[in-house]
Amino acid sequence: MTSHRPVRRLLAAAFVLLATACAPAAQPSAAPVAGSSCGPEQLATRTPGTLTVGTDQPVYPPWYIDDDPASGRGFESAVAYAIAGELGYVREDVAWTRVPFNAAIQPGPKAYDLNLTEFSITEERRQAVDFSRPYYDVKQAVVALEGAPVAAATSLAGLKDARIGTQIGTTSYDAVVNQVGPTTQPSVFNTNDDAKLALTNGQVDAIVVDLPTAFYITSAELPNATIVGQLPLGNGVPEQFGAVLDKSSPLTTCVSEAVDRLRSAGVLAGLEREWLATGGDAPELR
């Protein structure tokens, strides 16, 4: 398999530049649509006049930089502030709270108004929480150490006998089960850090993560790792990330409308270009 090291060096340099930037790119001004019922004075947020955004701890590049969601650096941090701006909240009126990934999508009252932690929209999750309209379409990717037998796989069949690890409760796990169907039950880990450690220790042959995370892992974290390839879409349906809100939240419609405006204005596409690597060097496994 062709080495990805030249691409890694370019990506690693890009991520370093992004992580050390002095400030995030300019976001839409905090000005809700005229006549809207979606402004800070109308929205029933947990704290009046404040938009509380949740995310996991830790959080990782390229979604958040330096485990600091309030910085505005990283794709989801930037998207959160962009949504807030569309709703009329200035940066100082955005508060952040940390909620474990699995706890954030359990039934019951939430400690946040909306949560951005790479949550894929699924019908099962919709039973417990609301989702905004999607802000990002994503694919899952397989990461292995260079030189390992699984690294040479060019098809799903080449992964059948592999020991594969994923973070628990994620759609990465679902993708392994449904698209790969390995002979060995996938190993699950509490965090992607634990999964990466298992990979480097030889406990698993490969891990599955979303594609932008795979690019970051192989470019900046594990220089001896490679992207084996992307997994195909399950049932041909795109996997999409959405902001999570409490079930039947009064904010859901307003947040969805804000996402729609950001997409129509090209803001989401611009943030993708700024923070996320493309999938050009990750072949699709079939």
Side-chain angles (χ1 to χ4, degrees), residues 14-15 18-19 21 23-28 51-87 89 91 94-105 110-122 125 129-141 167 169-172 191-193 209-217 220-221 238-245 251-252 255-256 258-263 265-278:
F15 279 121
L18 289 172
Q27 301 299 334
L51 187 69
T52 302
V53 183
T55 194
D56 202 355
Q57 189 169 39
V59 284
Y60 305 96
W63 311 104
Y64 296 92
I65 304 300
D66 295 332
D67 194 26
D68 181 10
S71 70
R73 296 183 298 136
F75 179 71
E76 287 189 317
S77 181
V79 169
Y81 281 115
I83 291 172
E86 284 295 316
L87 296 175
Y89 292 91
R91 187 184 182 94
V94 177
W96 290 84
T97 188
R98 301 300 191 111
V99 183
F101 186 92
N102 286 334
I105 50 174
K110 303 294 182 284
Y112 54 80
D113 295 312
L114 64 154
N115 189 309
L116 283 77
T117 315
E118 303 101 76
F119 283 112
S120 296
I121 301 169
T122 70
R125 289 173 176 173
V129 297
D130 278 4
F131 282 98
S132 72
R133 279 195 273 277
Y135 57 82
Y136 182 65
D137 291 2
V138 67
K139 281 192 172 184
Q140 299 295 324
Q167 182 176 343
T170 63
T171 51
S172 298
T191 68
N192 277 336
D193 274 348
V209 294
D210 59 73
L211 184 59
T213 296
F215 272 118
Y216 187 79
I217 289 172
E221 293 185 315
E239 182 178 347
Q240 298 176 307
F241 290 166
V244 172
L245 301 95
L251 279 66
T252 302
V255 173
S256 288
V259 171
D260 286 346
R261 291 195 297 272
L262 292 169
R263 185 176 300 282
V267 173
L268 294 181
L271 293 176
E272 286 183 32
R273 290 191 297 270
E274 181 178 1
W275 294 107
L276 304 181
T278 66

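Values reported hereafter were calculated over all heavy atoms of this structure, with side chains retained and with hydrogens, waters and symmetry mates removed.
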Under 3.5 Å, is there a donor-acceptor pair between the side chain of [X] and the main chain of [Y]?
X: Tyr112; Y: Ala104; result: yes
X: Asp210; Y: Gln140; result: no
X: Thr97; Y: Gly54; result: no
X: Thr55; Y: Thr117; result: no
X: Ser77; Y: Gly72; result: yes
X: Tyr81; Y: Ala70; result: yes
X: Arg125; Y: Phe131; result: no

message: Just by distance, no angles: are the side chains of Trp63 and Thr213 close enough, under 3.5 Å, to form a donor-acceptor pair?
response: yes
Are [X] and [Y] packed together at the side-chain level, in the sense that at least one heavy-atom pair is separated by less than 4.5 angstrom?
X: Glu118; Y: Val209; answer: no
X: Leu114; Y: Leu51; answer: yes
X: Thr191; Y: Asp56; answer: no

From [X] [atom1] over to [Y] [atom2], what is the distance, rounded to the nearest 0.5 angstrom?
X: Trp275; Y: Glu76; atom1: CH2; atom2: CD; answer: 13.0 Å
X: Gln240; Y: Thr122; atom1: CD; atom2: OG1; answer: 12.0 Å
X: Thr170; Y: Asn192; atom1: OG1; atom2: CG; answer: 7.5 Å
X: Tyr216; Y: Leu276; atom1: OH; atom2: CG; answer: 13.0 Å
X: Tyr135; Y: Arg263; atom1: OH; atom2: CZ; answer: 11.0 Å
X: Leu211; Y: Lys139; atom1: CG; atom2: NZ; answer: 8.5 Å

message: Between Lys110 and Asp130 (salt bridge meaning N to carboxylate O under 4.0 Å), is one present in this structure?
response: no
- request: Just say parallel, tilted or perpendicular for the rings of Tyr136 and Phe241, cut-offs at 30° and 60°.
  value: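 It falls in the tilted class, 30° to 60°.
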field: Phe119/Phe101 under ring-ring contact (aromatic ring centres under 6.0 Å, His included): CA gap, chis, key distance, verdict
entry: CA-CA 9 Å; Phe119 283 112; Phe101 186 92; 4.5 Å; yes
